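What follows is one structure encoded as structure tokens, with my remarks underneath.
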Number of protein chains: 2
Amino acid sequence: MDKTSQKIIDVTMKLIKEKGYVATTTIDIANGSHINECTIFRKFKGKKDIVLSGMKQEKWCANVSASIFQDVKWDLQLDLEMFMRNYLERITPDFVSLSVGLRAPQIYEDTMPYIMKIPEAFLQTLVLYFKSMNEKGKIGTFDFECLAMTIFSSTFGFTFLKASFGEQLSRVKQEEYITNSVSLFLKGIQHE
Amino acid sequence: MDKTSQKIIDVTMKLIKEKGYVATTTIDIANGSHINECTIFRKFKGKKDIVLSGMKQEKWCANVSASIFQDVKWDLQLDLEMFMRNYLERITPDFVSLSVGLRAPQIYEDTMPYIMKIPEAFLQTLVLYFKSMNEKGKIGTFDFECLAMTIFSSTFGFTFLKASFGEQLSRVKQEEYITNSVSLFLKGIQHE
DNA sequence: ATATAATGCAAGTAATTACTTGCATTAGGA
DNA sequence: TCCTAATGCAAGTAATTACTTGCATTATAT
């Protein structure tokens with residue numbers, strides 16, 4: 001990927017975060033990148049093509065392919081906290097804005113699979129983790145799909161709500177949230 | 001509200017659900033409502049005005065003003081299940097699409113307070129409920145804001161993920177989710 | 001140094017879109 | 001029945017926007 005194309009992609013993604021796909025014009029991209037508008041169309045087939053090229057890059061996919069559970073300790077509390085912290089660090093409010101900005105009907109069909117990769121990866125990782133923990137005899141038998149969905153939904157939900165409404169909706173801080181909710185899940189899972 | 005204006009609002013909101021605010025044109029609204037385009041501008045100051053008028057109507061705010069905890073039984077399991085069911089029934093995928101469609105930067109500043117009313121109402125209700133339960137001696141002392149945030153986030157997260165990715169992300173069904181996650185929270189809260 | 005490729009510049013095009021206007025038609029109430 | 005308000009119709013406007021083209025200029029590699 002040449003420097004010019006990369007710059008175009010980066011600026012485009014940044015603008016989509018801020019204004020959404022439809023409101024991001026090719027002139028905006030040209031101005032923001034200090035690259036002439038016609039050059040943009042020499043490098044890409046069209047506006048949509050820029051976005052799709054961007055979505056294929058790890059950089060714009062929150063590096064999810066990198067192992068999510070890097071340091072599994074096989075300790076439920078530590079691991080769940082690590083999992084949530086991991087998600088909350090990667091999926092910043094910026095990133096949530098991007099995924100919302102990408103929901104324009106003109107492109108959603110194409111971007112959806114990419115956007116879904118992130119929740120998919122986290123969910124699957126959680127399910128596998130629980131199964132392993134079960135095999136190790138460290139937790140009982142549950143509907144692991146459902147358990148993972150609950151924990152992931154609460155992580156995702158918190159991120160999304162914070163990104164959308166900030167302090168106005170709830171003053172609960174990230175670390176406070178991680179500690180308290182993991183403690184709740186922990187007791188729920190390890191109950192007798 | 002005269003019939004014509006109401007029809008315009010209803011069609012507009014329906015279209016925003018489907019295509020988002022920016023992609024919904026005034027011609028679309030005219031065609032969809034069988035009302036002439038210029039009549040739309042006689043009734044409303046502009047496109048934005050239609051949406052804002054719609055947001056002020058209970059109909060388009062999921063009737064949140066109606067008491068959320070209608071039949072509190074002061075039984076943690078029953079009440080939490082009722083709470084989640086209540087949310088999942090009111091905040092349909094349709095409704096999630098609407099709130100996403102309303103995130104266009106041209107109107108988000110104005111629509112945000114209305115959109116936020118729903119999570120706000122549910123969150124506050126939960127906090128109050130937990131405090132009452134605590135006073136009744138039925139649950140211990142927690143950081144109730146945080147507890148409510150966890151439970152609401154998981155409810156919201158599930159709804160949003162389902163609305164966005166459907167069966168493709170997870171095959172966990174609504175009722176299954178309610179039962180399992182409430183059971184998890186229950187054990188977490190009532191632990192010893 | 002020179003050939004080639006990349007980029008800038010300026011102008012333009014065709015389509016779309018929110019919004020307007022003048023006039024004709026319809027509908028409802030007194 | 002008649003007056004008035006609501007609505008339709010047709011045409012138009014000004015702005016925006018994705019995308020194009022021809023030509024000049026700059027950078028790069030050999």
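Residue numbering restarts at 1 for every chain, and letters A, B, ... go by the order of the sequence lines. Since we're looking at a predicted model, the values are computed, not measured.
- The closest side-chain donor-acceptor pair between A:T39 and A:N36, if any, does not fall under 3.5 angstrom.
- Nearest to the side-chain atoms of A:F41 among the listed nucleotides D:dG8, D:dC19, C:dG8 stands D:dC19.
- In this structure, B:K138 has no salt bridge (Lys or Arg N to Asp or Glu O under 4.0 Å) partners at least two apart in sequence or on a different chain.
- Heavy atoms of A:K48 sit nowhere under 4.0 angstrom from any nucleic acid atom.
- The separation between B:K47 atom NZ and C:dT20 atom P is 14 Å, rounded to whole Å.
- Straight-line distance from the CD1 atom of B:I40 to the P atom of D:dA6: 17 Å, rounded to whole Å.
- Among pairs with a residue in residues 87-121 of chain A, those fulfilling ring pair (Phe, Tyr, Trp, His ring centres under 6.0 Å) read A:Y87-A:F122, A:Y87-A:F152, at least two apart in sequence or across chains.
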Detail all sub-3.5 Å separations between protein N/O atoms and N/O atoms belonging to nucleotides 9-14 of chain D.
none

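- One atom, CD1 of B:I50, and another, C1' of C:dA18, lie 10 Å apart when rounded to the nearest Å.
- For A:Q124, the side chain to side chain contact (heavy atoms under 4.5 Å, CB included) criterion is met by A:E120, not counting sequence neighbours.
- In this entry the distance linking CG of B:D2 with C1' of D:dA6 reads 9 Å, nearest Å.
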Give every pair of a protein N or O atom and an N or O atom of nucleotides 28-30 of chain C that lie under 3.5 Å apart, one pair per line with the distance.
none

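- Looking at heavy-atom distances under 4.0 Å, A:K43 makes contact with sugar-phosphate atoms alone, never a base.
- Residues A:T25 and A:D28 bring a donor and an acceptor atom of their side chains to less than 3.5 Å of each other.
- Rounded to a whole Å, the CD1 atom of B:I107 is 12 Å from the P atom of C:dA18.
- For B:E176, the side chain to side chain contact (heavy atoms under 4.5 Å, CB included) partners are A:D143, A:C146, B:V172, B:K173, not counting sequence neighbours.
- As a whole-Å value, the separation of A:K3 NZ from C:dT7 P is 11 Å.
- Each ring pair (Phe, Tyr, Trp, His ring centres under 6.0 Å) pair with one or both residues in residues 158-188 of chain A, not counting sequence neighbours, appears once here: A:F156-A:F160, A:F158-A:Y177, A:F160-B:F156, A:F160-B:F160.
- Close to D:dT7, at under 4.0 Å from its OP1 or OP2, lies a side-chain N or O of B:T4.
- Screening residues 21-41 of chain A for ring pair (Phe, Tyr, Trp, His ring centres under 6.0 Å), with sequence neighbours left out, gives no hits.
- For B:D49, the salt bridge (Lys or Arg N to Asp or Glu O under 4.0 Å) test picks out no residue, with sequence neighbours left out.
- A:Q6 has its CD atom 13 Å from the P atom of C:dT7, to the nearest Å.
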Side-chain donor-acceptor distances from residues 75-84 of chain A under 3.5 Å, at least two apart:
residue : atom : partner : partner atom : Å
A:D75   : OD1  : A:Q77   : N            : 3.2
A:D75   : OD1  : A:L78   : N            : 2.9
A:Q77   : NE2  : A:E81   : OE2          : 3.4
A:D79   : OD1  : A:K73   : N            : 2.8
A:D79   : OD2  : A:W74   : N            : 2.7
A:D79   : OD2  : A:D75   : N            : 2.9
A:D79   : OD2  : A:Y129  : OH           : 2.6

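- The stretch residues 8-32 of chain A does not touch DNA chain C, since none of its heavy atoms comes less than 4.0 Å from the strand.
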With a cut-off of 3.5 Å and sequence neighbours excluded, list every side-chain donor-acceptor pair involving residues 11-18 of chain A.
residue : atom : partner : partner atom : Å
A:T12   : OG1  : A:I8    : O            : 2.6
A:K17   : NZ   : A:D94   : OD2          : 3.1

